[in-house]
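The figures here come from the full heavy-atom set of this structure, side chains too, leaving out hydrogens, waters and symmetry mates.
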Amino acid sequence: MTEMTTTLIGSGAAKATEQEAVRVSQEAAGDAEYTFSVEGLDLFYDQTQALKNINMNIEKNHITALIGPSGCGKSTFLKTLNRMNDWVEGCRVTGKIQFEGKDIFKEVDPLALRYRVGMVFQQPTPFPKSIFENVAYGPRIQGISNKKELAEIVEQSLRQAVIWDELKDRLNESALGLSGGQQQRLCIARTLAARPSVILMDEPTSALDPISTQKIEDLALELKKDYTIVIVTHSMQQARRISDKTAFFLLGELIEFNDTVDMFTQPSNAQTEAYITGRFG
């Protein structure tokens, strides 16, 4: 947590500079045809190559699912989209990722990128704080201190995450007392409070029961009206239910990337067909 907080704040960085970086990034949003354009992406952990020549375009206001067996590179690719792999010692990236028309390695401030491209993890990660302070955490770091403004952001974010009615009378209680499904929706609200344009989800329902999973899936379908969503999932059924596009990864390579309906009904690659029909993985 200390490492992540330090990275978000930036060593010695002035809040005015942070806010300006976010403002410039927000003003640039909407100009590019795709949210992300990935060209010739290679990623190495020391001498081990984890991603090999990845090329794909991720469309705005779509849900893009990343599927494939464990260790195939899908989570690594997801974390590259907001440069979380910068924190991994020995990680080296070549190629290009453009976010809203700008190269994330050359033209976008990493701090501004992480504000604009939020992450929801496999296990719910509420902070040991009140429900209110969990959601207000990002806005506070961004320099917002006005109590009324913070309260409005918290309410709006919890409403967007479809959990306001469940939590509106418990805002001062510890977030750690919530159920797993509620914690995950709270984490989504916390991500939304930072005003991103993209939500990355790394197997967000793998630790949840079926009812909570359905709530998260329904929420994702609602959120795509305003956000671009990229989700890693091991569930073929989940990818079919909620995604517009699906990317199949295998051994660090992007084997196939297509409309979800087409991939699951008429896969163009024999390896894709073998995976989605359960013959391996």
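Between the CE atom of M201 and the CG atom of L66 there is a distance of 12.5 Å, given to the nearest 0.5 Å. Expressed to the nearest 0.5 Å, how far CG of L192 lies from CZ of R159 amounts to 14.5 Å.
Smallest separation of non-hydrogen atoms from V135 and A189: CG1-O, 4.0 Å. The two residues T260 and R240 come nearest to each other via the heavy atoms CG2-CA, 3.9 Å. In this structure, T228 and N61 approach most closely via the heavy-atom pair OG1-N, 3.1 Å.
Applying the salt bridge (charged side-chain N to carboxylate O under 4.0 Å, His left out) test to pairs two or more places apart or on separate chains, those with a residue in residues 255-269 are K245-D259. For residues 175-187, the salt bridge (charged side-chain N to carboxylate O under 4.0 Å, His left out) pairs, not counting sequence neighbours, are E166-R185.
Every residue two or more places apart in sequence or in another chain was checked for a side-chain contact (heavy atoms from CB on, under 4.5 Å) with Q47, and none qualifies. Q214 is linked by a side-chain contact (heavy atoms from CB on, under 4.5 Å) to D218, counting only residues two or more places apart in sequence or in another chain. In terms of the side-chain hydrogen bond (donor to acceptor under 3.5 Å, both in side chains) criterion, residue partners of R170 (sequence neighbours excluded) are, by chain and number, E173. Partners of F36 according to the ring pair (Phe, Tyr, Trp, His ring centres under 6.0 Å) rule, which considers only residues two or more places apart in sequence or in another chain, are F99. In this view, Q123 and A207 satisfy the side-chain contact (heavy atoms from CB on, under 4.5 Å) rule, not counting sequence neighbours. Partners of L251 by side-chain contact (heavy atoms from CB on, under 4.5 Å), not counting sequence neighbours: none found. Judged as a side-chain hydrogen bond (donor to acceptor under 3.5 Å, both in side chains), and not counting sequence neighbours, the contacts of D244 are K224. Annotation: side-chain hydrogen bond (donor to acceptor under 3.5 Å, both in side chains) contacts of Q49 (sequence neighbours excluded): D42. Partners of Q122 according to the side-chain hydrogen bond (donor to acceptor under 3.5 Å, both in side chains) rule, which considers only residues two or more places apart in sequence or in another chain, are S206.
No side-chain donor-acceptor contact under 3.5 Å links S212 and Q184. For the residue pair R190 and T125, a side-chain donor N or O sits within less than 3.5 Å of a side-chain acceptor on the partner. No side-chain donor from either of N172 and S130 sits under 3.5 Å from a side-chain acceptor of the other.
With I104 as the partner, the side chain to side chain contact (heavy atoms under 4.5 Å, CB included) test is satisfied by one option alone out of L81, L113, N82, V93: L113.
In this pair, F249 and F77 present their aromatic rings tilted. The plane angle is within the 30 to 60° band.
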Give every donor-acceptor pair under 3.5 Å between a side-chain atom in residues 143-151 and any protein atom, sequence neighbours left out.
residue: N146; atom: OD1; partner: K148; partner atom: N; Å: 3.0
residue: N146; atom: OD1; partner: E149; partner atom: N; Å: 2.9

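Cluster membership check: V232 does not share its hydrophobic cluster with L221, using side-chain heavy-atom separations under 4.5 Å among Ile, Leu, Val, Met, Phe, Trp and Tyr.
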